[in-house]
Amino acid sequence: MSPRPRSGKPKRSPSRAAVRPQLLLYVESQRTEEEYFVYWSRLYRTTIRVTIAPERGVPSTLVDLAIKAKRQAEREARRGRGSAWDDIWCVFDEDAHPGLHDAVARAMAS
C-alpha cells in the first residue's frame with residue numbers, strides 16, 4: 001500500500017523560533033553600506049531575513065521612503081496580505097548632510 005499524498009495546509013504552524021524576523025534596509029550608497037549588509041545578512045541568514053531596498057539617496061529621502069514602506073506594510077497586514085516588516089532601518093554615513101538631524105527626528109517620530 002502506498003502512502004497517501006499530503007494535501008492542504010500543514011496540521012500545525014511553525015514554532016515561533018522557526019519564523020525569522022524580517023528586516024527592510026534603505027542604504028545610502030551602493031558600495032559600502034550595501035556590501036556590509038549583504039555580508040551581514042549571509043552571516044545571520046538562519047536567524048533573520050534581510051531585504052535591501054533598491055532605492056538610494058540622502059538621509060531625508062531614505063527616511064521618507066522608509067516611512068512610506070512602513071505605512072504600506074501596515075496597511076497590507078491589516079488587510080490580511082502578509083505581515084508588516086519587523087523592523088525598517090535607514091543606514092547612511094554621518095557626513096555633512098543638510099537636514100540630517102531633521103531626518104533622524106522624523107524617523108524617530110514615525
Side-chain angles (χ1 to χ4, degrees):
M1 181 193 298
S2 64
R4 283 191 213 174
R6 293 182 182 214
S7 62
K9 293 173 86 177
K11 294 187 192 247
R12 62 184 178 94
S13 60
S15 70
R16 207 52 203 145
V19 178
R20 296 182 297 169
Q22 298 183 58
L23 174 64
L24 175 62
L25 295 175
Y26 285 94
V27 297
E28 179 181 21
S29 73
Q30 189 91 14
R31 187 119 174 115
T32 55
E33 290 91 353
E34 185 170 348
E35 286 178 3
Y36 172 77
F37 280 104
V38 165
Y39 170 77
W40 186 81
S41 67
R42 288 179 183 159
L43 190 62
Y44 295 104
R45 70 177 158 243
T46 59
T47 57
I48 192 164
R49 184 176 148 228
V50 177
T51 302
I52 300 174
E55 296 90 354
R56 303 290 179 265
V58 296
S60 61
T61 303
L62 297 177
V63 168
D64 291 340
L65 291 168
I67 291 171
K68 183 178 175 183
K70 179 182 177 185
R71 289 182 182 152
Q72 177 68 25
E74 289 171 347
R75 193 170 27 253
E76 294 295 320
R78 280 193 307 271
R79 293 179 180 163
R81 299 180 195 154
S83 60
W85 298 99
D86 293 302
D87 220 352
I88 300 176
W89 293 359
C90 294
V91 181
F92 43 84
D93 292 332
E94 202 173 287
D95 297 335
H97 289 293
L100 174 67
H101 297 291
D102 294 333
V104 172
R106 271 198 340 259
M108 297 301 287
S110 66

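- With hydrophobic clusters built from ILVMFWY side chains whose heavy atoms lie under 4.5 angstrom apart, L62 shares a cluster with L24.
- Closest approach of T47 to P21, counting heavy atoms only: O-CD, 3.1 Å.
- Between the SG atom of C90 and the CG atom of L65 there is a distance of 8.0 Å, given to the nearest 0.5 Å.
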*Hey, mind stepping through R106 and D64 against side chain to side chain contact (heavy atoms under 4.5 Å, CB included) and telling me if it holds?*
CA-CA 9 Å; R106 271 198 340 259; D64 291 340; 2.7 Å; yes
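- Residues E55 and Y26 meet the side-chain proximity criterion, which asks for heavy atoms closer than 4.5 Å.
- Contact check on R20 versus D86 returns no salt bridge, with no Lys/Arg side-chain nitrogen under 4.0 Å from an Asp/Glu carboxylate oxygen.
- Minimum heavy-atom separation, I67 to S110: CG1-OG, 3.4 Å.
- Between W40 and W89, the ring planes are tilted. Angles from 30° to 60° get that label.
- Under the 4.5 Å side-chain heavy-atom criterion for grouping Ile, Leu, Val, Met, Phe, Trp and Tyr, I48 is connected to F37 within one hydrophobic cluster.
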*Could you go step by step and tell me if D93 and E33 meet the side chain to side chain contact (heavy atoms under 4.5 Å, CB included) rule?*
CA-CA 9 Å; D93 292 332; E33 290 91 353; 3.1 Å; yes
*Between V27 and R56, is a side chain to side chain contact (heavy atoms under 4.5 Å, CB included) present by the stated rule, with each step listed?*
CA-CA 6 Å; V27 297; R56 303 290 179 265; 3.6 Å; yes
*Please test Y44 against V50 for side chain to side chain contact (heavy atoms under 4.5 Å, CB included), starting from the C-alpha separation and ending with a verdict.*
CA-CA 9 Å; Y44 295 104; V50 177; over 6 Å; no
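- Linking ILVMFWY side-chain heavy atoms closer than 4.5 Å, directly or via other members, places Y39 and I52 in a single hydrophobic cluster.
- For the atom pair Y36 OH and S29 OG, the distance stands at 14.0 Å (nearest 0.5 Å).
- Using a 4.5 Å heavy-atom threshold, the side chains of T51 and W85 count as touching.
- Both V104 and I88 sit in one connected hydrophobic cluster of ILVMFWY residues. Membership requires side-chain heavy atoms under 4.5 Å apart, directly or through other members.
- Interatomic distance, D102 CG to H97 NE2, rounded to the nearest 0.5 Å: 14.0 Å.
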